[in-house]
Every structure is written in C-alpha cells, then in structure tokens.
Amino acid sequence: MSFVDPWIRLRYGISDDTVLNAASIPPPAEPSSDPEHLGTLLRQLKAQAGSSGDEGLDYGAVAGSDAYSAYCDFVLRLRTLDPMALAFRESRLAFWINLYNGLVLDAIVLWKVKRSAQEVPGFFWRAAYNIGGLRYSASDIENGILRGNAAHPALPGVPFGRADPRRAHCLPRLDPRVHFALVCASRSCPPIAVYTPERIDVQLDQATRSFVRGGGVEVDPIPGRVRLSHIFQWYAVDFGAHWQAMGDKRALLKFVAGFLDPTDSRLVLARRRWKVAFMPYDWSLNGLPA
C-alpha cells in the first residue's frame with residue numbers, strides 16, 4: 001500500500017471488500033475461469049451494447065443480457081485467479097486492458113450511471129475487482145499495472161508501495177499507446193475494442209491511429225496551431241514531455257506525428273514552432289444509460 005492509498009480509501013469510504021465481485025466464489029475448475037475467456041465475453045458485451053446511431057454504447061441493453069450474466073459469472077472467478085499465470089507481456093497487456101474496460105462497463109451498469117462516471121464520487125477508485133484475493137481498482141489497473149506503477153496525474157506517489165504484493169504484476173515498461181485502448185465511459189475517450197495477445201501491438205497501433213485521426217488531434221497549419229486531447233496533458237510524461245505538458249511540447253508533437261495521416265505528419269515535423277492547446281474533456285456518458 002502506498003501512502004496515498006489510505007487517504008483515497010478514507011475519502012471515498014473504500015475497504016478491501018469494496019469490489020464488484022464480492023459474492024461467493026464458484027468452483028474454479030469451470031472453463032470460464034481461463035483469463036483468455038475474458039476477450040470472448042467482452043466481444044459478446046460489445047455486440048450487445050452496439051448502437052446503430054450516434055448514441056454510443058447501450059448500457060441498458062447490456063444490463064438485461066445473457067452476455068452480462070456470463071461476464072458477471074466470470075468476474076466472480078477472478079477471486080481465485082493468479083495473475084502470475086499471465087507469463088508474457090502480450091498476454092498481460094491484453095488481459096489488463098480488457099479487464100479495465102470490462103470493469104468500467106460493469107460499474108456503469110451496476111451503479112446505473114445516467115450522465116457521467118463523475119456522478120459517483122471516486123468512481124475509478126471505487127470500481128474494483130478482487131483478483132486472487134487482492135483488490136484492484138480501475139485506477140490501480142491503469143496507473144499501477146499498465147503504466148508500470150506510475151503516479152496518478154493528480155496525486156503524488158506510486159500506486160503500489162514496496163511491500164504491496166500487487167507490485168509484482170506491474171508491466172516493466174510503460175507503453176503510451178495503452179491510453180488509446182482504455183475506455184473510461186466518456187465521450188472523449190476511445191471506443192471500446194477487444195484486445196488479444198496475438199495481435200496486441202497491431203491493435204494498439206490501430207487504436208492510437210484511430211484516436212489521433214478521429215478527433216484526438218487537430219492540425220491547423222494557417223495559424224500554426226495543434227489541438228490535442230486532454231489525455232496528452234494529463235499523461236504528458238508518458239509521451240516524453242514534462243509533467244502536465246509544462247514547457248517544451250515537442251515530444252508530444254513527435255509522438256502524434258507517427259500516427260497522423262501523412263500530410264499532417266509532414267506538416268507537424270517540418271514546422272519548428274506550433275501553438276499547442278488542449279481540448280476540453282467531455283466526461284458525459286459514452287452511450288445510453290441502463
């Protein structure tokens with residue numbers, strides 16, 4: 001436990017039992033206890049939540065579906081899962097990204113969020129699963145596991161202290177592309193996808209390219225202005241810039257240039273000075289409420 005953790009727990013009334021999979025444990029020998037089965041379940045949830053219009057995910061359709069029941073059964077079995085069974089980087093990345101996205105979706109449905117995840121105080125600390133007897137919140141998965149035990153952008157200190165057993169599961173190298181795979185249930189976050197160990201690097205490239213070209217970055221060469229998603233400010237250090245993108249922002253521009261269309265990429269790299277601004281983040285729910 002880090003020194004930040006007790007303060008977060010006290011502020012939001014969190015205990016070790018504040019988890020979404022708190023019910024009794026089913027027999028662990030069932031086939032659905034396989035970590036790779038998570039991808040199959042998320043595909044089913046995604047299909048159930050699909051929308052034909054611009055509304056995004058239909059959380060109400062998920063809530064009453066057989067796919068959601070199967071997913072809830074699976075997450076109960078996480079209580080007996082040893083994450084050390086995920087031996088390779090690719091399997092760990094795919095599992096934890098998929099689990100983060102499933103956890104957020106599960107919390108939105110279970111807590112009947114209507115307008116925004118921000119309706120629930122401490123949403124990303126309260127939303128959590130018991131995995132192998134230890135509590136992992138959405139924030140723990142993002143900042144502790146996937147960001148290699150990096151500090152939350154708004155808080156000092158690492159998520160997992162030296163004696164925290166969860167520290168053993170942190171990815172050793174931070175891959176900034178994960179920011180475009182994690183779905184925080186907001187309109188400004190990426191769309192949900194399902195990640196597999198076999199294709200994880202191709203999929204992360206696709207997710208980053210789609211986000212950058214789909215509105216996450218805007219290049220306006222006449223006034224020499226680049227507008228970036230607020231993700232690039234919050235997590236600026238992950239892209240090689242200073243905390244909160246203070247000062248020199250060239251590292252951010254270099255990163256996005258690798259994922260822009262060729263014309264915009266050449267413009268960004270060729271021009272020495274750009275005015276960089278960050279877009280407001282739209283936290284409204286990325287779909288229809290349950």
Steps toward side chain to side chain contact (heavy atoms under 4.5 Å, CB included) verdict (V202, D205): CA-CA 5 Å; V202 171; D205 269 347; 5.8 Å; no

Test side chain to side chain contact (heavy atoms under 4.5 Å, CB included) applied to F278 and I231, step by step: CA-CA 9 Å; F278 299 97; I231 290 171; over 6 Å; no

Please table the atom pairs, donor to acceptor, closer than 3.5 Å between any side-chain atom in residues 107-117 and protein atoms at least two apart or in another chain.
residue : atom : partner : partner atom : Å
K114    : NZ   : A290    : O            : 2.7
S116    : OG   : Q118    : N            : 3.0
S116    : OG   : W283    : O            : 2.9

Face-on cation placement of R92 at W96 ring, 6.0 Å and 45° thresholds: no

Check: L38 main-chain N/O paired with N98 side-chain donor or acceptor under 3.5 Å: no

Ring geometry between F180 and F255 (parallel below 30°, tilted from 30 to 60°, perpendicular above 60°): parallel

Enclosure of R135 CZ (heavy-atom neighbours >12, cutoff 6.0 Å): yes

Passing option when Y235 is tested against H242, H230, H179 for ring pair (Phe, Tyr, Trp, His ring centres under 6.0 Å): H179

Electrostatic pair R89-D175, nearest N-O below 4.0 angstrom: yes

Derivation and outcome, side chain to side chain contact (heavy atoms under 4.5 Å, CB included), residues N286 and L57: CA-CA 6 Å; N286 63 342; L57 300 178; 4.0 Å; yes

Residue pair I145, Y100: steps toward the side chain to side chain contact (heavy atoms under 4.5 Å, CB included) verdict: CA-CA 10 Å; I145 303 296; Y100 176 97; over 6 Å; no

Side-chain donor or acceptor of R177 paired with backbone N/O of D201 under 3.5 Å: yes

Close aromatic pair by centroid cut-off 6.0 Å: H152 and W125: yes

Within one Ile-Leu-Val-Met-Phe-Trp-Tyr cluster: L103 and L146, side-chain cutoff 4.5 Å: yes

Whether R225 side chain and W274 backbone form a donor-acceptor pair below 3.5 Å: no

